[in-house]
Structures are given as structure tokens and as C-alpha cells.
Amino acid sequence: MEPLYNTYPVAIENSLTGEKEAFIPVNAGAVGMYVCGPTVYSDVHLGNARTFTSFDLIFRYLKHLGYKVRYVRNITDVGHLENDADSGEDKIAKKARLEQLEPMEIVQRYTVDFHNVMARLGALPPSIEPTATGHIVEQISMVQAILDRGWAYESNGSVYFDVEAYNKEGGDYGILSGRKMDELQAGSRALDGQDEKRNPADFALWKKASPAHIMRWPSPWGDGFPGWHLECSAMSTKYLGEEFDIHGGGMDLKFPHHECEIAQNKACTNHGGAKYWMHANMLTLNGKRMSKSTGNTILPGELFSGNNDLLAKAFSPSVVRFFMMQAHYSSVLDFSNEALLAAEKGHDKLLSAWSSLEGACAKGGQGFDVDTWKRKCYEAMSDNFNSPILIAHLFEAVKFINAGEGNLAISPDELTALRNTFSAMVFDILGLQGGSDSSAHKDALDKAMDLVIELRAQARNNKDWSTADLIRDQLKEAGIQLNDGPEGTSYSI
RNA sequence: GGUUCCGUGGCCGAGUGGCUAGGCACUGGUCUGCAAAACCAGCUACAGCGGUUCGAGUCCGCUCGGAACCUCCA
């Protein structure tokens, strides 16, 4: 059978070229994707989660199309300096000092938190999740290779990438972000510790560790630790090769992080790494991006528990995910309680339509063009992963399903196709989670509810409206909604 | 100051020059003992000013407003 990726070829908006391009993998049928993961020194906030949820959507869709995807997402567990100056402090060491913990305890704690949050949001684990500290050897040899080529220099125990030398000999530092060297120099601020560098645009490949610095490794240039940009170059090359397909990350990493990665890769391998660069946009709160350092954040845990002054109530992880999926990954998305409430209603409507669809019969007829609808769903996703358009199409199907009241005017084959595609889109691709009650609990609840509904039906037959309404109102307070229909009463939670 | 991007109806949010995005909210109707849900119908729009075009939310210019990056950050 023809793989789905041939039927619905993918186009990707490539940050490197600024164009939407046909996606052609380096190796046919396989995709190598690298996404810059979090620095694990504090709880992952909702903005972080959005980026990884966006790439989870992309990962899921590419897999669904039949690609063999290797998805690499790193954990940054080397602290890195708080600013580019020598006076800066290692974030993880700082947190460790504040909390009186070993640095790797900090790393472990927040890595576990990150995994928990992403799992609740329905994100699949990546194929490989390498750590920076686990790839010091690879990073040191990369530094050496760049030194050997003459595009780096050692200064006081640290090694810096020589941007000017790189660009003079054919390098294209600035290709991703559109920045020019002279503009960078004009715009750069006078920072402390810049005197080790020949040029303000130069960036650290290896930093000398001060005597108090805890996380340190021996190197040909003395004890130190790798520069922030280096780990991604080293690990993407190691696991995906010198040329791979997709490199993703948050928009805020475009410059300088990804720009530096490209320069490092080209310096070592003559290849820039990824063919397609993708940048997920920011989640804003009060019109400003969420940021750990400014404290303008909301944590996923607060959302799931409702424990935040900005929230009227708790929201399920699936609702939060649906909220994110309603916006395109490349657009800024603004967070608000109102937007979440609206998303929750839409989400519930979508999932309750799925329940109806599961139990629906096909009565024949041409009530809905399933083939065309299915094609439109795939085309939306293949067009740069346009989940909002996909959701709009899903609601077309919802309207048809609800109007049919369990008896849909399509053929049995079409019903099967509708179910399969609906389920694939909602659960496999968007990654939403239905009522995930264990089936034993569900059976017990169903039986109890059948009894309550029967008792209420008797009251209604006796025109005992006060009893009937009491049952309905009390159940509603408990979070269970009764729906009276022509064929009896059903309930939803 | 530089780079990139955005400004869509009450709110969120798609729109890759020409045909209803969608969700939420609201109004009227159908259904119901009353509700709810669902369905049907309606309702508000493209920041402003010019230009290109037979035709612009979509292209170009200017103005105003906002964001990200230029320093660690998804």
C-alpha cells in the first residue's frame, strides 16, 4: 500500500529560508528530528510545555503518515552561565546552593517534573533523550575540531568561536536570523568579561571553571564546562548525522542559540545540520512571553489543579492541549482564563461527539462526504501542521454526527472510515485524551447511573417533577449532566 | 537603534488575491413537563491612509499600536 506521506505530502515552513517548502527527507521514508529541550533547573512552565506539545504534534503526525521518525530531544543539565560575562553564575549550581542540594539532584528533580508534565499533556516520549553531561567527550572533540580549523581560539582557559574568521572564510553566521556582523557589533552591549573575546559576537565553546564551580570536567584547556550552544550540535550530529531533516525549538532560541549551532556544525562537518528549521512560537501571559527569569509564568500543575489566581477553575490536561492545538504552532498564543473556558467547551463537544460516533449506526445515504472530509483533514495537517484548520474540519463532522442522533446517513463503509479518521485525528494526532476511566470503574458507574436514571424516569412518569429535578440538580452539582432525549436519558461527566 | 513578526467580528483564533474557517458568547426558532444538550437560522471583521489589480484581510508604501530576538530563557 502507498504510504500516507505520498498521498498527503508534507510542506514545512522553513525558518532557514522563510519559505514554505515541500518536505523531502534526506533518507526516503525516514525522518530525523532534533528539538532543543529544557534546561532543568526549575519547574517547566506552560510556555515551555507549548513548544514541546507543538513538536509532539509534528512527531505524531509524521509517524502517522508512515515515516520512521527518530525524535531526539535533549535535556540541558549543564547549568550554563546566567549571562555571557565571567561574573555570571551557573544556574544549576546556583539553584543547588539555594536549595542545598547536589547539582545532579536538581537536574533529577526537574527532569522528573518535566517528564510528568509532558506525559499528562499527552506528549509521547522522544526516541532518544540525551543529556549534555553525558556527551562531554563529544563536545570536547568538537571544540578541538573547530580549533584545528582555525575558527576558534583559546583565551584564559576558555575557548571561543571566532565568528569573524569563520565568516571571512566562507561562513555565513547570521544566515538563520538575518543578522549582519556590523549590526551585531553596533547593537551589542558592553558586558563585563567581554575582554576575553576578540569580537563581541564570538561565543563560548568551552568555559573555564572558577574554583567554586561545581559542575566541571577536565579538558585540553583545563577544568571547565561546555558552552551552551555546543551540546545540541554534538548530540544532533551523533544521533542524526551531519545532515538530518528537522531541527526545532522555541522562537526565542533562533538567535543566538540556533545560529551558533549552525556555525558550529558547519565548522566541524561542512554541513549546517538540519535541512528544515522550525520554530514554535511563544505562549504569552498578559501580552508578554512566559519567562522563568521574569516570573511571568503559569505552571501546568497550577492549571490542572486550578490553584492560581488567574484561573476560575481547574482544567484537564487534554483541554489545555486542545487550547494549544486551536492555534497554529507558529503563531503567538495568548493565555487567559476565558480562552481556556471556551476551549474546554469545544473540547468536550468534540469528545462527546466521538462517544456518539462510537455507538452510531449507518443507515445509508449521502448525508456526509466522508472521503472529501478525510482528505481535507490530512491536507490541513500536511500543510505545515495546521491543527486549527484540522479542528475546524473535525467540527464539521461533529455537526453531522450530532444531527444524526445515532443513525447516520452514510454507508457502513463510510461510517468505518469516519470513525477511523476521526479517532486518528483526535487521539493519535492531536493527542487528546478521552475519559480515561478504567473500564471496571466505568462499568460500575454505568450500572449505578442506570439505576438512578430509572428511578428518575419513574418519578417523571408520575409527574413528580420536584423529585426528578432534585436528582438532576444534585447530580449536576456532583459534575454529572443528565441529558433527556427522545430515546431516554443519558449522562455525561 | 538593528533583525524578525503581528494587528481579523463581544472573546479566542484560521485564512498561501476571487467561493461560509472554526470554537466560545449572544439573539430567534425546533425539541423538552421545565431545563440541559443537540439541531436550524441570525449576528457583529479584516488598525488607519494611500497604491497595484477586473477583484485585496491576503501584494506594495506610509502612519499608528503590539510582540519576540539582539544578555540565560521553549
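Each chain gets a letter, A, B and so on, in the order its sequence line appears, and its residues count up from 1.
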Find every protein N or O atom lying less than 3.5 Å from an N or O atom of nucleotides 19-26 of chain B, and list the pairs.
residue	atom	partner	partner atom	Å
B:A25	OP1	A:Lys345	NZ	2.6

Look for any protein N or O under 3.5 Å of an N or O in nucleotides 65-67 of chain B and output each such pair with its distance, or none.
residue	atom	partner	partner atom	Å
B:A67	OP1	A:Lys288	NZ	2.4

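Residue contacts shown for A:Ala280 are absent, as no nucleic acid heavy atom lies under 4.0 Å away. Within 4.0 Å (heavy atoms only), A:Asp334 reaches sugar-phosphate atoms of the nucleic acid but no base atom.
Proximity of A:Thr39 to the phosphate of B:C72: no side-chain N or O atom is located under 4.0 Å from OP1 or OP2. Within the 4.0 Å cut-off from OP1 or OP2 of B:G15, at least one side-chain nitrogen or oxygen of A:Asn386 is found. OP1 or OP2 of B:A14 sits under 4.0 Å from a side-chain N or O of A:Ser331. A close approach under 4.0 Å does occur between a side-chain nitrogen or oxygen of A:Lys292 and OP1 or OP2 of B:A74.
The side chain of A:Lys91 sits closest to B:C72 out of B:C34, B:C72, B:U3.
By the 5.5 Å and 30° criteria, A:Trp465 is stacked with the base of B:G33.
Applying the 3.5 Å distance criterion, the base of B:G33 shares no donor-acceptor pair with the side chain of A:Asp464.
When base pairs are accepted only as Watson-Crick or G-U wobble with both N-N or N-O distances under 3.5 Å, RNA chain B takes part in stems of 3 or more pairs at B:1-7 with B:64-70, B:10-12 with B:22-24, B:26-30 with B:38-42, B:47-51 with B:59-63.
Ion pair A:Arg198/A:Asp202 not flagged as a salt bridge, since none of the NZ, NE, NH1 or NH2 atoms sits closer than 4.0 Å to an Asp/Glu carboxylate oxygen.
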